[in-house]
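Read the structure below first, then the notes.
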Number of protein chains: 2
Amino acid sequence: MAKQPQSTVAVNARLTKGSQKVLQLLEKRNSLSTAQEIHSLLRNEDESAPGLTTVYRALESLVALGLVQSVELGDGEKRFELVTPGEHHHHLVCERCRESIHLDQCLVEDLESAIKTKYGFAVTGHILEIFGVCKRCK
Amino acid sequence: MAKQPQSTVAVNARLTKGSQKVLQLLEKRNSLSTAQEIHSLLRNEDESAPGLTTVYRALESLVALGLVQSVELGDGEKRFELVTPGEHHHHLVCERCRESIHLDQCLVEDLESAIKTKYGFAVTGHILEIFGVCKRCK
DNA sequence: GTAGAATTGAAAATCATTTTCAAAAGCGAC
DNA sequence: GTCGCTTTTGAAAATGATTTTCAATTCTAC
Ligand SMILES: [Mn+2]
Ligand SMILES: [Mn+2]
Ligand SMILES: [Zn+2]
Ligand SMILES: [Zn+2]
């Protein structure tokens, strides 16, 4: 997981228009969004916003650049959100209201060397999301 | 995550034929299998084995009974495997050979009370899978 | 401007999973 | 056994997110 501490602004110039639009949208949101949601939201405010295909492509490159992370919740739909460039984090996802709490530290990274020692397995990535009921919904 | 310490044998009687066939197949395998793989394997050895729809339904009920767990690897395909009834575990999945190491302890369950205290969030489930390169493939 | 490269998007394809719905199997009552 | 009813099964169709195609548009360099 190499970090890429490039400023969003610096990177922004090299992005395609579609990617810039998607990035801008994500900057305004604090929650996990599906590709289709992003597409709808963009189209709502601008008739000529990027098409769905372009949104998918934009998300792919933003993820590759480390500006956005893709989150797997186990339903068949990926979610996306802006992250600190090169970093990632996990969530507590409320099954009632679907809101999620962004965790500040990764529980898995700390374990990587122990896993290496015990199993000879070199960790390159992971999925971790926690489900339950949040304070408000309880 | 209530445990259901019913013996596989005891439960087996109440299962549909389709579920029994799927369960038997899973008992012979030590690896994660997709629904389609399970279906093919069954059909290979028996022309009249359950159809794909039945396999999906069988997996659903076996998971509900706690005999089988469903594993999310982030590609669009769920994997299934036999577990100690009512329990679950996570994996180190090799990206080269696709083999996976079954971990013996869950890293998340220990954290549930801390999460409750810190966030007022009542954990009911989670996804956790770790990717990388195994000893042999390295 | 002009040629060649990169970007875009509508429509079609893909593919795991779910739904439909009618046939087959199981089952208790008689 | 047979009748009537419930459960199970499975082929085919539907679903739905994502990917692929491919032709049109936009950029970029010269
Ligand atoms: Mn987040
Ligand atoms: Mn396992
Ligand atoms: Zn992490
Ligand atoms: Zn666990």
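Every chain is numbered from 1 and lettered A, B, ... according to where its sequence line falls, protein lines coming before strand lines. Note that these values count all heavy atoms, side chains included, but never hydrogens, waters or copies made by symmetry.
- Judged as a salt bridge (Lys or Arg N to Asp or Glu O under 4.0 Å), not a single pair has a partner in residues 88-103 of chain B (not counting sequence neighbours).
- E60(B) places its CD atom 12 Å from the P atom of dT17(C), with the value rounded to the nearest Å.
- Rounded to a whole Å, the NZ atom of K21(A) is 14 Å from the C1' atom of dT26(D).
- Between Q20(B) atom CD and dT7(D) atom P the separation is 18 Å, expressed in whole Å.
- For residues 119-138 of chain A, no residue pair satisfies the salt bridge (Lys or Arg N to Asp or Glu O under 4.0 Å) rule, not counting sequence neighbours.
- Atom CG in L62(A) sits roughly 13 Å away from atom P in dT7(C) (whole-Å rounding).
- Straight-line distance from the CG atom of D75(A) to the P atom of dT17(C): 13 Å, rounded to whole Å.
- Atom-to-atom, CD1 of I38(A) to P of dG9(C) comes out at 15 Å; the value is rounded to the nearest Å.
- Taking the salt bridge (Lys or Arg N to Asp or Glu O under 4.0 Å) definition, one finds that E47(A) meets it with nothing, sequence neighbours left out.
- Remark: L103(A) engages H90(A), L92(A), Y119(B) in a side chain to side chain contact (heavy atoms under 4.5 Å, CB included) (not counting sequence neighbours).
- The CD-P distance, from E37(A) to dG16(D), rounds to 15 Å in whole Å.
- T16(A) has no side-chain polar atom (N or O) that falls below the 4.0 Å cut-off from OP1 or OP2 of dT7(C).
- Each side-chain hydrogen bond (donor to acceptor under 3.5 Å, both in side chains) pair with one or both residues in residues 77-86 of chain A, not counting sequence neighbours, appears once here: Q69(A)-E81(A), D75(A)-R79(A), E81(A)-H89(A), E81(A)-H91(A), E81(A)-H102(A).
- A close approach under 4.0 Å does not occur between any side-chain nitrogen or oxygen of K17(B) and OP1 or OP2 of dT7(D).
- In this structure, CG of L15(A) is placed 16 Å from P of dA6(C), rounded to the nearest angstrom.
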Its contact letters, B for base, S for sugar-phosphate only and - for none at protein heavy atoms under 4.0 Å, make nucleotides 17-23 of chain D read SBBB---
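- Residues E37(B) and L32(B) share a closest heavy-atom pair of OE1-O, 3.9 Å.
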